[in-house]
Amino acid sequence: MLSKGLKRKREEEREKETLAVDAWWLDPSLPAAAQAPPAAASSSLFDLSVLKLHHSLRQGEPDLRHLVLVVNTLRRIQASMAPAPTLPPVPSPPTAPCAADSLLASSDAALSASMASLLEDLSHIEGLSQAPQPLVDEGPPGRPVGGSPPSLGALDLLGPATGCLLDDELEGLFEDIDTSMYDSELWAPASEGLKPGPEDGPGKKEALELDEAELDYLLDVLVGTQALERPPGPGR
Amino acid sequence: VAWWTDTFPVLSADIISTVEFNHSGDLLATGDKGGRVVIFQREQENKSRPHSRGEYNVYSTFQSHEPEFDYLKSLEIEEKINKIRWLPQQNAAHFLLSTNDKTIKLWKISERDKRAEGYNLKDEDGRLRDPFRITALRVPILKPMDLMVEASPRRIFANAHTYHINSISVNSDHETYLSADDLRINLWHLEITDRSFNIVDIKPANMEELTEVITAAEFHPHQCNVFVYSSSKGTVRLCDMRSSALCDRHSKFFEEPEDPSSRSFFSEIISSISDVKFSHSGRYMMTRDYLSVKVWDLNMESRPVETHQVHEYLRSKLCSLYENDCIFDKFECCWSGSDSAIMTGSYNNFFRMFDRNARRDVTLEASRENSKPRASLKPRKVCTGGKRKKDEISVDSLDFNKKILHTAWHPAENIIAVAATNNLYIFQDKVN
């Protein structure tokens, strides 16, 4: 549903869309035509990139090159959209322009920080499952790596809170145990998208159906818990 | 030069993911998505079958990698073979390195054409004989048997890469090799599997600062202390292992400045280098980005000495190619044996060859319909606008699912191997 809306927008804009035309291979007598892309085209590219980022992060082990290139492209698009004070009204499902509006209105730092936290979560997953990272410089040249499989020590800490498995009367015994480790950010609902549950079996191709709830989750992750400055507009 | 084929394409059970001739060109190895390696051998000249000279037939097939499950990350590790590299031949056996995303394996391929017969303690079926029934002793003799080619794993180099391995490269010292993933490059000794040395690490302290990954790496063909690695930002760094143990600082930095008039949102993605290859001479290197191949003189870092457009007509379609992810396709490139020509793939099963001396290029198609044995390949042309001539194909009719990512050129002769999805084509030029 949402993707159809995006597609419609792109087809409308395709004729008008003139991403900067490269001229170096053209006949030198012709003037170089480098136009700035219209705002609506940037916005649809932005949405597409967000979609790709979302899809990429939901992979068990995202293709790092793909991820980095999409994130960098997203930053470029966002940087070019930032100076525009308002978006032209675009008829499309409510959540998409809201995302663009709010992200435009917020500072560049907020988006960077949100992307940063996404990438940071990735490194948390790496760190937890690859325990023996060789960071110490030893005598021999270079840094010796590899050889032994990752230890299971880190895995012991990753179990879910144990309360649900115990009888009620026994639960009381554990009430005063500090479970803040189990309540870490990694196990907050927002991160579930990064680590596939049993239903996301390896090799399973998921249909890219974004419904409103999923997009809301993505927005939450991207924008964080910061209160966004929303410019007063009609109907808000 | 007219290209033709001896045989119909070889159909593989799975998508071919790497193609590599050995150093003599007599063997051609392919790896596929299913973790299998198939090795073809060139037929020797045979007077009774004069047309069979140059034909490549299956020599050995083996399962190199199996799918694995990483229980800690709850992820499947693909068995797809990313790269195969041959070791220079030192005795009767052949050795190659094959790698998937995480593990590199050294395989020994050897021939057995004799077997021993006349054992004393067991009969021909292998059943043990009753020692008390043996009345005479005999010396077993070697008898010829049908040729059997055996592949056995000799070394397994595992657990050294957190990220996906994209390259392996054997050093000219024939003792060491490098393996590169998205963020790190490791140096191995072929005899030692339980440790390797990390020689490049571009992982930032905070992953949030990650903006660039390693895309390919290769050792210099003659200088065993020199290697290069390319990045997703279109740069190549040349490193000298003599200068420091950790080669995070490069000796040379190759980057062509961006043309401001062609800047777009996709500039970085299309500048991302998908392959880097030294010339056989060691004087040049070639890089492949999304739309072009560039030849660099190692003595000049500021810009390439040659730029060849592969499919410039795609520049106006970048948005669609971004949408369908084709813009992320990683094309490889290769040099001819004499370095006078270079080759790379494109879409619609097209591949391109550039003659550097004659300054000519040609587009050919690897397809069953167009390649009847011993018929020359017809040059193809893509119509970019205006009236489409007969035999031309318009940009919008190109099939972007038919991509030629992997090609290889025989080290000495004009024989090429082209992988089109799960078909392997072998072409050679007409001998005058």
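Here is how names work: the chains are called A, B, and so on, in the same order as the sequence lines, proteins then strands, and each is numbered from 1. Since the model is a prediction, treat every value here as computed from it, not as a measurement. FYI, side chains are in, hydrogens and waters are out, and symmetry mates aren't considered; it's all heavy atoms of this structure.
Of the two parts of B/S316, neither the backbone nor the side chain holds a non-hydrogen atom closer than 4.5 Å to a non-hydrogen atom of chain A. Both the backbone and the side chain of B/S232 come within contact range of chain A, judged by heavy atoms closer than 4.5 Å. For B/L183, the part lying near chain A is the side chain, with the backbone staying farther off; criterion is any non-hydrogen pair under 4.5 Å. Residue contact with chain A, scored on non-hydrogen atoms closer than 4.5 Å, is absent for B/E78.
A/R65 approaches B/S272 most closely through the heavy-atom pair NE-OG, 3.5 Å. In terms of heavy atoms, A/V68 sits closest to B/T211 at CG1-O, 3.2 Å. Between A/R75 and B/E208 the shortest heavy-atom distance is NH2-O, 4.0 Å. When all heavy atoms of A/H66 and B/D325 are compared, the closest pair comes out as NE2-OD1, 3.3 Å.
The CD1 atom of B/I269 sits 3.5 Å away from the OG1 atom of A/T73 when rounded to the nearest 0.5 Å. Atoms CG and NE2, on A/L64 and B/H164 in that order, are 8.5 Å from each other to the nearest 0.5 Å. Between A/L69 atom CG and B/F266 atom CZ the span is 12.0 Å, to the nearest 0.5 Å. In this structure, CZ on B/F265 lies 9.0 Å from OG on A/S49, to the nearest 0.5 angstrom.
A cation-pi contact, defined as under 6.0 Å to the ring centre and within 45° of the axis, links A/K52 to B/Y322.
A salt bridge links A/E61 to B/K102: at least one charged side-chain nitrogen sits closer than 4.0 Å to a carboxylate oxygen.
B/K233 has its side chain within reach of A/N72: a pair of non-hydrogen atoms, C-beta onward, lies under 4.5 Å apart. Considering only heavy atoms from C-beta on, B/F328 stays 4.5 Å or farther from A/D63 through its side chain.
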